[in-house]
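Chain letters run A, B, ... following the sequence lines, proteins first and then strands; every chain starts at 1.
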Amino acid sequence: AQKVTQAQTEISVVEKEDVTLDCVYETRDTTYYLFWYKQPPSGELVFLIRRNSFDEQNEISGRYSWNFQKSTSSFNFTITASQVVDSAVYFCALSEAFNQGGKLIFGQGTELSVKP
Amino acid sequence: ETGVTQTPRHLVMGMTNKKSLKCEQHLGHNAMYWYKQSAKKPLELMFVYSLEERVENNSVPSRFSPECPNSSHLFLHLHTLQPEDSALYLCASSQRSGQGLYEQYFGPGTRLTVT
């Protein structure tokens, strides 16, 4: 069965601190996709990154970086030098490639609060 | 308009009312989705339309009825709802081709309150 676990329900940091959001997933498929989304207080989910299971290369985009490790079934997200605008709920999600519906399984979300 | 739009943004309805939520995507995608987001719960997939055909109905009560007249529009018709149906309803769209899976883009949601 597919499952995504984000063990950190809430994280609070002070501006300019680095913060890592954890994501652990379960799937029986060898081909799958992982995603991160950001949900600011406005409610709209904003797509951040998509990674397929054959690409374990870590990715960096500005202050954001992602560490994908198949050996531990983890896809962690790090924000470097956090800013107040990073305050939001962050969701990790999983989709299996042969799933006809393109169904995303979301984790519970991690609420990040960045204080000035 | 760009991206995915949803109307209304807020809706309050009684349990005996009938209302509809509307979603429109301006991204040229061929798949659309309805999700429900309740407080303290993960996002739950409700329906998936791919090439205007419903390909998934995730055990949703019949008081929710989706409609996809074309690849750009998606509706969620609501009738005789229960207070526990109060939630944020999110629409999303994506491009699907063969085994390719692309990211879903979400609208701002409709905050529904059932009284």
So do the side chains of B:Gln37 and A:Phe91 get within less than 4.5 Å of each other, counting heavy atoms only?
yes
Taking a hydrophobic cluster as the set of Ile, Leu, Val, Met, Phe, Trp and Tyr residues connected by side-chain heavy atoms closer than 4.5 Å, whether directly or through intermediates, do B:Leu27 and B:Tyr35 fall within one such cluster?
yes
Out of B:Gly109, B:Gly107, B:Ser94, return the one with the most heavy atom pairs under 4.5 angstrom to chain A.
B:Gly107
Under a 4.5 Å cut-off applied to non-hydrogen side-chain atoms, are B:Leu43 and A:Leu45 in contact?
yes
Shared hydrophobic cluster, B:Phe47 / B:Leu81 (ILVMFWY, side-chain heavy atoms < 4.5 Å)
yes
Spell out, yes or no, whether A:Val19 and A:Val46 are grouped together once hydrophobic residues are joined by side-chain heavy atoms under 4.5 Å, including indirect joins.
no
Nearest 0.5 Å, what's the CG-CD distance between A:Leu104 and B:Glu44?
14.0 Å
Is there a path of hydrophobic side-chain contacts, each under 4.5 Å between heavy atoms of I/L/V/M/F/W/Y residues, joining B:Tyr105 to B:Met32?
no
Rounded distance (nearest 0.5 Å) linking atom CZ of B:Phe106 with atom OH of A:Tyr37:
5.0 Å
Heavy-atom distances under 4.5 Å only: say whether B:Arg111 touches chain A with side chain, backbone, both or neither.
neither
Using heavy-atom distances under 4.5 Å, tell me whether A:Gln6 contacts chain B through its side chain, its backbone, both, or neither.
neither
Indicate, with yes or no, if B:Val60 and A:Phe106 share a hydrophobic cluster defined by side-chain heavy-atom contacts under 4.5 Å among Ile, Leu, Val, Met, Phe, Trp and Tyr.
no
Using a 6.0 Å cut-off, check whether atom NZ of A:Lys38 has over 12 heavy atoms from anything other than its own residue.
yes
Heavy-atom closest pair (A:Gly107 atom, B:Pro42 atom, distance to 0.1 Å) is O-CB, 3.8 Å
